[in-house]
Amino acid sequence: MLTLNAIRTQKEEIITRLAKRGKDRSDIINEVISIDEAKRSIQTQLENNLAKANTLAKEIGDLFKSGDKELAETKRNESTELKEETKSLEAKLAELEGQLTQKLYEIPNAPSHAVKTGITPEENETVFEWGTEPILPENPKPHWELTEKYDIIDFELGNKITGAGFPVYKGKGARLQRALINFFLDEAIKAGYYEIQPPILVNEASGFGTGQLPDKEGQMYHDKTDNLYLIPTAEVPITNIYRDVILKEEELPIKNVGYTPCFRREAGSYGVHVRGLNRLHQFDKVEIVQIAKPEQSYAILEEMVNHVKGLMEKLGLKYRILRLCGGDMGFASALTYDFEAWSGAQQRWLEVSSTSNFETFQANRLKCRYKTKEGKNELVHTLNGSALALPRIVACLLENYQTTEGIKLPECLHPYLGFKSI
RNA sequence: GGAGAAAUGGCAGAGCGGUUGAAUGCGGCAGUCUUGAAAACUGUUUUAGUGUAAGCUAACGGGGGUUCGAAUCCCUCUUUCUCCGCCA
């Protein structure tokens with residue numbers, strides 16, 4: 001969430017930046033400010049009361065010791081009265097605090113200055129393109145036909161075991177998954193990332209920390225017995241490592257990478273565009289996460305984008321990079337680049353990575369700070385990106401590398417695969 | 001799953017109803033000494049809110065209660081440890 005301090009001191013700027021999401025939020029910002037003012041005034045009264053009560057308590061203690069029972073009794077009554085008042089102030093304060101956090105939770109992150117105002121995906125800006133249209137045989141097959149033809153991914157079997165959106169990878173299909181995961185992890189490690197294998201079930205506090213809760217409750221699978229959530233992305237457990245942590249300045253930036261399965265309920269998605277691997281309930285993803293000092297975070301975002309570019313180019317997949325417009329960005333993001341790979345047989349772009357700077361939005365919820373050289377604690381910036389999400393990469397690899405003699409997979413994967421083609 | 005014990009500052013570890021935001025030790029930081037370092041000595045060393053500031057307030061796992069007053073008593077939740085059972 002946005003910091004109260006930012007809302008108080010840079011109100012106009014925040015309103016301007018929020019407007020990039022295509023909706024005016026000045027009302028809610030003003031509400032926050034007025035609730036905060038009311039809250040602070042109550043708080044001052046309450047603290048004065050408590051100070052009085054503390055003094056009285058000390059006096060009473062002394063009076064009892066010196067044996068002046070009568071005066072002690074008088075003061076005791078005085079203190080009891082004071083307590084009534086304190087209770088009602090506490091109740092008011094709690095209520096205002098509740099309102100305040102409620103409002104703060106409703107406000108999305110303020111988009112960075114580089115972000116274009118807009119609402120729909122059509123308004124995203126293409127900032128980079130690479131690669132050429134793959135040369136395919138006559139009547140190229142979409143991946144869901146190829147997976148069936150070569151018997152490498154079985155959607156029907158997944159239906160039987162679990163349900164739609166949970167495919168079974170078989171034989172070379174399973175090995176391709178494993179190869180991609182290892183390839184992505186190794187590339188990240190070469191780039192200086194530290195590998196983490198986190199839990200894939202997280203508690204409520206972690207869901208709040210990265211912003212999935214309270215809003216996107218319905219997007220996650222929830223185990224009610226133990227009140228745990230299946231992660232929609234490794235971002236959740238990996239970023240939550242730093243919840244309630246004060247880092248040393250020299251530790252930053254922290255670069256972590258982790259492979260996890262990801263689970264998304266995808267409530268409300270349907271239609272041809274979700275066929276095959278295009279949209280799944282369970283999929284594999286390698287995620288890169290960085291924790292940075294504010295002044296370095298945008299340079300780091302570029303570095304992360306370059307890392308993903310390198311992966312796409314080694315895989316030889318035609319792709320483009322979009323800078324999302326305000327309205328298409330996630331709730332917590334200040335700036336997001338989406339990578340889309342070209343799917344030769346479907347003749348459409350598929351999103352394969354989303355790389356974002358959250359600035360202090362997550363850090364504020366996480367209470368993740370670092371101690372500056374001057375000894376002050378300041379919120380860090382958090383960033384993350386998919387590097388990469390597997391299913392659509394697999395779809396594009398299968399489609400774009402299909403030939404009449406089989407699917408000839410790119411060279412960078414050969415050492416990981418143990419074979420060259422399917 | 002059953003039985004028991006515990007949770008205090010960066011760490012270790014006192015305190016068990018009234019100058020205890022918290023003894024003591026270690027660690028960290030600054031200084032004295034030294035050519036430099038070590039040792040020794042001296043000082044300092046949590047976070048958040050509020051206020052121009054002095055200050056005030058809150059926090060001893062979380063939440064609630066008793067009391068004029070709680071780290072200290074009571075309830076509850078969570079976590080950790082030990083023993084037993086089960087088990088990849």
Side-chain angles (χ1 to χ4, degrees), chain A residues 1-9 32-104 197-209 213-214 222-229 237 240-252 254 261 360 363-380:
Chain A
M1 60 185 154
L2 292 175
T3 63
L4 247 185
N5 193 37
I7 291 175
R8 255 194 266 166
T9 58
V32 164
I33 288 176
S34 75
I35 296 171
D36 176 53
E37 274 165 9
K39 193 206 93 176
R40 283 186 357 248
S41 124
I42 296 283
Q43 193 177 336
T44 309
Q45 290 177 49
L46 174 64
E47 284 179 1
N48 287 339
N49 261 21
L50 289 172
K52 257 189 241 167
N54 284 345
T55 319
L56 271 176
K58 261 181 212 156
E59 285 174 8
I60 293 165
D62 292 341
L63 286 170
F64 272 122
K65 265 188 221 159
S66 65
D68 192 345
K69 289 238 165 81
E70 217 166 295
L71 191 51
E73 282 301 331
T74 319
K75 297 246 178 196
R76 184 140 75 175
N77 291 338
E78 208 179 311
S79 178
T80 312
E81 273 171 48
L82 194 62
K83 222 174 133 183
E84 288 302 308
E85 209 180 311
T86 304
K87 269 199 174 150
S88 94
L89 285 170
E90 270 173 347
K92 269 188 217 158
L93 184 68
E95 178 174 351
L96 289 170
E97 269 173 354
Q99 282 176 23
L100 195 60
T101 31
Q102 185 58 44
K103 291 288 171 206
L104 285 172
Q197 241 187 65
I200 59 179
L201 280 159
V202 294
N203 58 26
E204 220 170 22
S206 294
F208 273 98
L213 296 174
H222 184 204
D223 165 25
K224 291 190 179 62
T225 312
D226 293 308
N227 197 22
L228 296 173
Y229 294 86
N240 270 284
I241 292 172
Y242 305 97
R243 172 152 48 82
D244 295 318
V245 166
I246 297 174
L247 295 157
K248 295 193 191 97
E249 184 167 356
E250 58 269 25
E251 290 178 89
L252 300 174
I254 290 169
T360 59
N364 188 31
R365 283 197 183 189
L366 292 162
K367 293 202 186 59
C368 177
R369 291 161 296 174
Y370 75 102
K371 204 175 267 297
T372 63
K373 288 196 183 77
E374 295 75 43
K376 267 194 80 180
N377 290 337
E378 295 203 19
L379 291 171
V380 298

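We name chains A, B, ... by the order of the sequence lines, and we start the count at 1 in each one.
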Tell me, which of residues 39-57 of chain A have any heavy atom that sits under 4.0 Å from an atom in RNA chain B?
A/Arg40, A/Gln43, A/Glu47, A/Leu50, A/Ala51, A/Asn54, A/Ala57

Categorize A/Asn377 for me: base, sugar-phosphate, or nothing, with a 4.0 angstrom heavy-atom threshold over every strand shown.
sugar-phosphate

Sticking with atom C1', work out how far B/rC83 lies from B/rA71, rounded to a whole angstrom.
30 Å

List the residues meeting side-chain contact (heavy atoms from CB on, under 4.5 Å) with A/Ile33, not counting sequence neighbours, and say none if there are none.
A/Ile7, A/Lys11, A/Ile29, A/Glu37

Using the P atom as the point on both nucleotides, what is the distance between B/rA40 and B/rA6, in whole Å?
37 Å

Watson-Crick or G-U pairs under 3.5 Å in RNA chain B, rendered as dot-bracket with [ ] for crossing pairs and | for another strand
((((((((.[[[..)..(.....]]]((((((.......))))))(((((....))))).[[[[[..)....]]]]])))))))....

With rounding to the closest Å, how many angstrom separate the P atoms on B/rC77 and B/rG69?
26 Å

Those residues that, when tested against A/Glu249, pass side-chain contact (heavy atoms from CB on, under 4.5 Å) (two or more places apart):
A/Lys293, A/Tyr370, A/Thr372, A/Lys373

Separation of the P atoms in B/rG1 and B/rC60, to the nearest angstrom
30 Å

Residue pair A/Phe208 / A/Leu366, side-chain heavy-atom distance below 4.5 Å
no

Specify the closest pair of heavy atoms between A/Thr86 and A/Leu50, including all atoms of both residues, with the distance to one decimal.
CG2-CD2, 3.9 Å

Who passes side-chain contact (heavy atoms from CB on, under 4.5 Å) against A/Lys224, sequence neighbours left out?
A/His222

By the 4.0 Å heavy-atom rule, please label A/Lys58 as base, sugar-phosphate, or nothing.
nothing

Between B/rG31 and B/rU82 - C1' atom distance, rounded Å:
47 Å

Span that lies between the P atom of B/rC74 and that of B/rU67, in whole angstrom
16 Å

Residue set satisfying side-chain contact (heavy atoms from CB on, under 4.5 Å) with A/Glu78, at least two apart, ordered chain then number -> A/Leu56

By side-chain hydrogen bond (donor to acceptor under 3.5 Å, both in side chains), which residues pair with A/Asn203, not counting sequence neighbours?
A/Ser206

Contacted region of RNA chain B by chain A, from 5' end to 3' end of the hits, cut-off under 4.0 Å to heavy atoms, spans B/rG18 to B/rG69

When you match A/Asp36 and A/Lys371 each to their closest nucleotide on RNA chain B, which lands nearer the 5' end?
A/Lys371

Of A/Lys75 and A/Arg369, whose nearest nucleotide on RNA chain B comes first from the 5' end?
A/Arg369

Kindly write out the residues that satisfy side-chain hydrogen bond (donor to acceptor under 3.5 Å, both in side chains) with A/Lys39, not counting sequence neighbours, or none if the list is empty.
none

What distance, rounded to whole Å, do you find between the two P atoms, one in B/rC29 and one in B/rU66?
47 Å

Suppose the criterion is salt bridge (Lys or Arg N to Asp or Glu O under 4.0 Å): which pairs have a residue in residues 84-100 of chain A, not counting sequence neighbours?
none

How would you list, by chain and number, every residue that makes a side-chain hydrogen bond (donor to acceptor under 3.5 Å, both in side chains) with A/Asn364, sequence neighbours excluded?
none

A/Asn5 and A/Arg8: CA distance, side-chain angles, deciding distance, side chain to side chain donor-acceptor pair (under 3.5 Å) verdict:
CA-CA 5 Å; A/Asn5 193 37; A/Arg8 255 194 266 166; 5.5 Å; no

Salt bridge (Lys or Arg N to Asp or Glu O under 4.0 Å) contacts touching residues 42-63 of chain A (sequence neighbours left out)
A/Glu59-A/Lys75

Separation between the C1' atoms of B/rA54 and B/rU72, rounded to whole Å
32 Å

